[in-house]
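Positions are given from 1, in the same order as the sequence printed here.
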Amino acid sequence: MTIFTLRELKKSFGIKTILNNISFSLNEGDKVGLIGTNGSGKSTLLKIIAQLELADGGDIWVNTGAKIVYLPQQPDLDEQLTVLEQVFTNCGEQMKLVQEYERLSNQIAREPKEIDTLMAQLSTVSQRIDALGAWEVETNAKIILSRLGIEDFESKIADLSGGYRKRIALASALLSNPDVLLMDEPTNHLDVLSVEWLQSYLNHYQGALLLITHDRYFLDKVTHRILEIDQGDLHSYSGNYSYYLQKKVEDQVSQLSSQRKQAGILQRELEWLKRGPKARSTKQKARIDRIRDMQEVEYKQDQDKIDISTISRRIGKKVIELKEVNKSYGKRTLIKDFTYIFNPEDRVGIIGPNGAGKSTLMNIIMNQVTPDSGIVDIGATIHLGYFDQHSKDLIVNQNERVIDHLKSIAELVKTTDGNVITASQMLERFLFPPDQQYVPICKLSGGEKRRLFLLQVLMSSPNVLILDEPTNDFDVQTLAVLEEYLDKFNGCVIVVSHDRYFLDRTVGTIFSLESDGTISKYPGNYSIYLDYKRAKEEQEKEEDKKRKKQEVKTKKEKVYTLKKLSFSQPRKLSFSEKHEYKKLEEKISELEAKKENIEQILYDNPPSDFTKMQKLTKELAQLIESIEVATRRWLELAELDS
């Protein structure tokens, strides 16, 4: 079933054409990734589909029965609602019924005289709740919020940060179970574990998906079709991100070959034309017309890439030394007894859940936060370059023109090839054309502000780069160039990021911030770190199995001892007790087998469906309780058995 179709859609902002006669359809179950450079029109396209912005031309057909939910980068939430109330805003009748059930329950407690009438109403609402599965909605909401790092469901939206608001909006979008999810950078503000959970969730999501993301692993695992907006045109690739890269290279090689072939033919034809043949036959006239047609053919050039080529300063042997650093806020310890000596070639990635203390560690190194105890010693030759995750908000004068802001940092810049270029030329290398250099900074998009701040940091020629969530708001093309720059960077790099692809490409050591404030060090990139973690989890599972086997063995030995002691008991088992005793042995064995089977499923192959996970967990708890009750009774009878 086709959910929506766009035909020859057009959109411009001033003289800049964003969308130029683009057409595509989204069908039921499609998982599509939308990519393109910052400012290419990705977010605009989603807003047009969500009917939040008008196109300048073209047609949009939407299936009238389709439910479309749009998740923007900066969601607009009701600050007066609690977390749960906000999450339920897209759930319609289901949550209204739950709220009505709670209202009636409270009313029954307050007005016992009306209990018959209220109980009848409550019964009707309860039946409707069961029919619509509304109780499961509330359970799933709490599971989704927990997996996204939100535990306090009664907090007011007004008291939460932008990152938490984005996660609540994401939970609301997932819970609404739409036919189409339009998602603009859903992985921003999520830690690595949350991103991996969301990736798994969307892999099993039955609806259609159209998303914008810079997370290339996410694109690879979730999507099976890529749409690229390039200079107003839309190109479709039937495959994931890896397939797109492969086809993109092939297309560029093919276009370059065609362009060279065309140029060779045109050159020969022009030489023939210059010889000025005397006879102008029909055949010759056709040849001249062909030359004219060939001269009019245009090959669209690839959009320019960012050129990062600033020179870093010389770096000495002593970089940054941390010794027994501690930092707490109230009763919560973020960093405990951390010691590390950074060397000039270090490429360190810092990971951990949100709120674990990653940015705090960065700020301690930057001398912006004072540790409770310990030493932070920075080498004499070190010049720090700090790319903050809120960098676009750190440019104080938002009304200042782009060129004036950069000139205040440096009028001239020396590049790695030894040339000296102006601030304006450097802006052009960072894809700020001359006409954009004279606009106020407040007119730039979030990604363009981040790009400007990155240029500002690099122009200061640091020899230690500290990057706090550098992938937020950057397109995949910019990230690829930044990764190449870091490969060649002559100095130490410290990165906080949830982008697994970026960590794999840029770091050689992982610092993992744990819940108790300790920082564990792992050699290698993020994928190698995952291998360590999986191996450790497998080892813990094996140790847990051995422990359980030992517990069973100990229990059997205890029972055997009790049976031996029971010989001295004067009272004997009755006929019915002997029958019960025998049946209990069989029952316990059956219960243990069921318990072991469910544990194996939960440990080795946990279901992605939350309802099924909840059902299995509940069943396991019931089995454990049943085994304990049956075992206690069996032990009582064993004492009497002779």
Would you please classify the geometry between the His498 ring and the His214 ring as parallel, tilted or perpendicular, with 30° and 60° separating the classes?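 Judged by the thresholds at 30° and 60°, the geometry between His214 and His498 is tilted.
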
Tell me, do [X] and [Y] make a side-chain contact under 4.5 Å, heavy atoms counted?
X	Y	answer
Leu9	Ile60	yes
Leu452	Arg450	no
Glu154	Leu84	yes
Lys358	Phe511	no

With a cut-off of under 6.0 Å to the ring centre and 45° to the axis, is Arg451 in cation-pi contact with Phe474?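 Cation-pi check for Arg451 and Phe474: fails.
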
Taking the cut-offs as 6.0 angstrom to the six-membered ring centre and 45 degrees off its axis, would you call Lys327 and Tyr329 a cation-pi pair?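 So Lys327 does make the cation-pi contact.
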
Of all heavy-atom pairs between [X] and [Y], which one has the smallest distance, and what is that distance?
X	Y	result
Ser25	Thr5	OG-OG1, 2.9 Å
Arg147	Ser194	O-OG, 3.2 Å
Phe502	Asp499	N-OD1, 3.0 Å

Among residues at least two apart in sequence or on other chains, which ones pass salt bridge (Lys or Arg N to Asp or Glu O under 4.0 Å) with Glu79?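 Scan of Glu79 (salt bridge (Lys or Arg N to Asp or Glu O under 4.0 Å), adjacent residues dropped) gives Arg165.
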
Could you please spell out the steps behind the side chain to side chain donor-acceptor pair (under 3.5 Å) verdict for Asn203 and Ser200? CA-CA 5 Å; Asn203 276 332; Ser200 176; 5.7 Å; no

Quick test of your reading of the model: are Arg505 and Glu484 salt-bridged, counting only N-O distances below 4.0 Å?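 No.
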
Under the ring pair (Phe, Tyr, Trp, His ring centres under 6.0 Å) test, which residues partner Tyr205, sequence neighbours left out?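 Tyr205: no ring pair (Phe, Tyr, Trp, His ring centres under 6.0 Å) contacts found.
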
Proximity of Tyr241 and Tyr217 rings by center, below 6.0 Å: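 No - the distance between ring centres of Tyr241 and Tyr217 does not fall below the 6.0 Å cut-off.
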
Return yes if a side-chain donor-acceptor contact under 3.5 Å exists between Thr471 and Glu469, otherwise no.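 There is no such pair between these side chains.
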
